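Before any comments, here is the structure.
None of the values given here were measured: they were computed from a predicted structure. Every heavy atom of this structure was used, including side-chain atoms; hydrogens, water molecules and symmetry mates were not. To find a chain, count down the sequence lines: A is the first, B the second, and so on, and within it residues start at 1.
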Amino acid sequence: MSAEIKIVFTGTVGAGKTTAIASVSDRPPVATDALATDDTGALKPTTTVALDYGEMRLPDGDKLRLYGTPGQHRFRFMWEILAKGALGFVILVDNTRPSPLEDLAGYLDNFGPWIERSAAVVGVTHGEYCRGPDLEQYHEFISRREAAHPVMFTDPRQPRHVITLMDTLLAALEFSTASADGAPET
Amino acid sequence: MSTINVASANLDPEAARFVHSTVATYLSGAGWNFVSTPDLADILLVDLDTPAGASAWARLDGSRRPVRVAVTADHGRLASALAVGKPLRYSTLLSTLRRAANGEPGAGEVAGGASRFDPGKHLLGVIQGLVAGGRSAVVDHPDHAAVAIDSARRRWAVAGDRPLTPDIFRLPAGAFEMQMGPLPAALDYRPLEELLYRAAWHASNGRLQAGTDLSTPLRLRRWPDFTRVPYRPIHLRMAAYLQGRSATPLTIAERTGAAVSDVHDLLNACRAAGLITEARSESRPPPEQPSAASREGLLARIRMRLLGGAGKPRAGGDR
């Protein structure tokens, strides 16, 4: 039996992971939302507690599975489950949060072992004209970590933006020097 | 010699076409020609791996003209100063041809004259001039969008009702008028990098930028924001290749399978946007990964699904 082919969308609460998956999924995405009872409630009424799931059917009939992780750290036990065997990672960062670069660092750290075996692309959401860092600052921040992940401003509601992120991830994977053992057998 | 004629003898048709296109693309502007008659050649590429080629090579022994260049899969012969290996590659072929020309005037120059992309002749040059002088202005054209350039804050916006279309970037620089002074505040300003990238991308038209040294390795400082600027899928591949490694334009074409015109477009756009830096030497190609082949097939299938209309410019649009 072939392993599943999956891309994992992760990132901060409210960054747009659920929306991004819904933008490109062939079927209505499955969401495991619950009422937000903590600080998240100030951002949105519900939040993902286990995972989001969408899929795209490939030309040969295989499915590309799109998983969204819960944003809150208390659900991080789900991260490892979802990350295992992922082809690559789309990290969405809400640029309006107080410390988006620290947020990004957290996800790069937590998913680091899997990203090292695959690739990641960073989508910065909620506008480039807020007081958050610009692309140059994101680039410098990532470079200081001796990494070279592509970073782009992204509107998760726009399917073409999400597709561009995924397409970029594929290009990064193609020339990645990683061993690719995180990728599934096909 | 003022004109350098290059010909081939006994090369298979595909290799001969490769030599022809290399000379036409990169050397014609500097006075090089590809000629079909070996008798007219100043430099003759000879396939040493064929009996006829070896015979032709021997016949020319001792003659001063044409200069012989061996094409061979026998790497033992590559110790010769004037030999290129099979399969032919742009970079080695060009460097060998230049060595064959032995420093004759013009031999080291590539793709000159009208075939080069000169930013100064387009809107890109107008914008770059404003930025270099630290000036802000509304750049106007009677039939196209007016564009506000805020050099101090490195941002731009469409001013007025006419939409921005790619045609504006191909117009001659002299077609624009500039209204200097304070800019309207209530505009939808965007990062200037995006406009510079677009201006070069649309005007470049596959041409090598004037002043480009093909032997200088380049590195992508960071990725273009492809959600905001137009691209074709091959540009993502090239950007990925250049991320974290340096390469000459010809190596980029060889390693990614891109047409040289596509390489020029990406490099011109990234150069205009300030995303390219020069490196001292090329990076060594990374080792092949054991699972790379199976992953490539998977990536190709996913890409096919994502892109649908692959090959067309995507994203960014042209607001």
Side-chain angles (χ1 to χ4, degrees), chain A residues 5 7 24 26 56-64 87-88 118-119 121-124 128-129 134-136 138-140 142-143 146-155 158-186, chain B residues 154-155 188-191 193-194 219-245 255-256 273-275 283 285-308 310 314-317:
Chain A
I5 307 163
I7 290 176
V24 296
D26 289 341
M56 300 175 83
R57 190 169 289 278
L58 302 182
D60 60 357
D62 276 349
K63 289 175 184 172
L64 171 63
L87 188 61
S118 54
V121 55
V122 179
V124 181
E128 58 260 59
Y129 294 109
D134 59 22
L135 291 186
E136 202 68 46
Y138 274 99
H139 166 71
E140 288 171 10
I142 292 171
S143 293
E146 297 185 350
H149 309 302
V151 188
M152 297 170 196
F153 285 115
T154 302
D155 182 345
Q158 302 261 5
R160 65 183 173 85
H161 282 200
V162 181
I163 284 174
T164 296
L165 279 179
M166 295 172 67
D167 202 9
T168 299
L169 179 65
L170 299 182
L173 279 165
E174 191 170 354
F175 292 105
S176 164
T177 55
S179 63
D181 57 3
E185 293 297 322
T186 56
Chain B
R154 293 193 64 81
R155 59 182 191 165
D188 178 20
Y189 282 99
R190 307 189 55 77
E193 171 190 315
E194 176 187 311
R219 179 186 292 267
L220 196 57
R221 206 166 53 73
R222 67 169 167 81
W223 279 71
D225 188 353
F226 283 119
T227 60
R228 298 290 192 271
V229 297
Y231 71 91
R232 287 190 287 273
I234 191 64
H235 293 102
L236 298 182
R237 296 191 77 219
M238 287 187 274
Y241 182 78
L242 277 178
Q243 186 77 55
R245 64 172 70 85
R255 301 288 181 193
T256 64
L275 301 178
S283 303
E288 293 291 327
Q289 300 299 328
S291 56
S294 64
R295 187 164 70 172
E296 273 181 26
L298 173 61
L299 298 182
R301 283 185 288 141
I302 299 174
R303 186 174 288 121
M304 195 182 303
R305 168 63 182 83
L306 287 179
L307 298 180
R314 301 184 60 82

Heavy-atom pairs under 4.5 Å with chain B: which of A/D26, A/I142, A/I7 has the most? A/D26
Between atom OG1 of A/T168 and atom CZ of B/F226, what is the distance when rounded to the nearest 0.5 Å? 6.5 Å
List the atom of A/A171, the atom of B/R303, and the distance in Å for their closest heavy-atom pair. N-NH2, 3.8 Å
B/I302 side, atom CD1; A/I5 side, atom CD1 - distance, nearest 0.5 Å: 6.0 Å
Can you name the nearest heavy-atom pair linking B/L306 to A/I163, along with the distance? O-CG2, 3.8 Å
Looking at CZ of B/R305 and CG of A/L170, how far apart are the two atoms once the value is rounded to the nearest 0.5 Å? 12.0 Å
B/R222: partners by side chain to side chain donor-acceptor pair (under 3.5 Å), with sequence neighbours left out: A/E136, B/E193
What pair of heavy atoms forms the shortest contact from A/T154 to B/T227, and how long is it? OG1-CG2, 4.3 Å
Need one label for A/L135: side chain, backbone, both or neither, based on atoms under 4.5 Å from any heavy atom in chain B. both
Tightest non-hydrogen contact, residues B/A240 and A/A172, listed as CB-N, 3.9 Å
Can you name the ring-ring contact (aromatic ring centres under 6.0 Å, His included) partners of B/H235, sequence neighbours left out? B/W201
If you take all heavy atoms of B/W223 and A/A148, which pair is closest and at what distance? NE1-O, 4.4 Å
To the nearest 0.5 Å, how far apart are CD in B/Q243 and CZ in A/F175? 12.5 Å
